[in-house]
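First up is the structure itself, then whatever we jot down about it.
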Amino acid sequence: MELTVAPDVTDADREALFTGLRGYNHQFIDTGHWGQFGVYARDAAGTMTGGLIASRKGLWLCIDYLWVSEAARGTGLGSQLVAMAEQEAVQRGCRHALVDTLSFQARPFYEKQGYVLQMSLPDFPERGMQRHYLTKSELI
C-alpha cells in the first residue's frame, strides 16, 4: 500500500472517494431523496439581490449558503428566503433544520428565525472567530 499527499484534489480522485463513501453509507442511510434546491430574489432588471442554497438530508433541511445584498439588508428579504426554504423543505419531507454561521455573520439573524445555538467551535476559521451551529427542532 502506498500513501501519498496530493497538492490538488482531482475530479477523478474526488469521485473515487465519494463512490466508496456513498457505497458504505448506503447500507445505513437512504439518500434517494437527498438533494439541493435554491431560493432566489431578483430585482426588476433580473439582478440577484439575495439567495439561499439548501440541501435536504433525510429529515433535515441544511441551509448551506444565504446571502442578501447590502442594499436589501434590513428589508426582511433574508427572513423571507429562510421561510420559503423551510416551506419547501417541509413539502420535501423535512422536519428539522440546521445551519452554521461564522461569528462575523448572522447568528442573531438565525436566532430571530427560531434557530437555537447547539455548539460553537472556537478559533474557526481564524483565531478569535467562532463557527456556530444552530438548529430548528420543528419546521411548520
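Between K136 and E86, at least one side-chain nitrogen of the basic residue sits less than 4.0 Å from a carboxylate oxygen of the acidic one, meeting the salt-bridge criterion. Salt bridge present: R22 and E15 bring a charged side-chain N and a carboxylate O closer than 4.0 Å.
Following chains of ILVMFWY side-chain contacts shorter than 4.5 Å, one cannot reach W60 starting from V116, and the two form parts of different hydrophobic clusters. L81 is not connected to W67 by any chain of hydrophobic side-chain contacts under 4.5 Å among Ile, Leu, Val, Met, Phe, Trp and Tyr, and they are in different clusters. Under the 4.5 Å side-chain heavy-atom criterion for grouping Ile, Leu, Val, Met, Phe, Trp and Tyr, L121 is not connected to L117 through any hydrophobic cluster.
By the side-chain contact (heavy atoms from CB on, under 4.5 Å) test, A45 pairs with D43, T47, sequence neighbours left out.
Side-chain contact, H132 with S120: a donor N or O sits under 3.5 Å from an acceptor N or O. A side-chain donor from one of Y133 and R131 sits under 3.5 Å from a side-chain acceptor of the other.
Closest of all the heavy-atom pairs between Q36 and S55 is CG-OG, 3.5 Å. Here the shortest heavy-atom pairing between P125 and M129 reads CD-SD, 3.9 Å. Between G93 and L59 the shortest heavy-atom distance is O-CD2, 3.6 Å.
Of the possible polar contacts, none joining the T135 side chain to the L98 backbone as a donor-acceptor pair under 3.5 Å is found.
More than 12 heavy atoms of other residues, nucleotides or ligands shown are found within 6.0 angstrom of CE on M119. In the displayed structure, R127 atom CZ is contacted under 6.0 Å by at most 12 heavy atoms of other residues, nucleotides or ligands.
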Apply the test side-chain contact (heavy atoms from CB on, under 4.5 Å) to residues Y40 and T49: give CA-CA distance (whole Å), side-chain angles for both, the deciding distance (0.1 Å), then the verdict.
-> CA-CA 8 Å; Y40 307 110; T49 57; over 6 Å; no
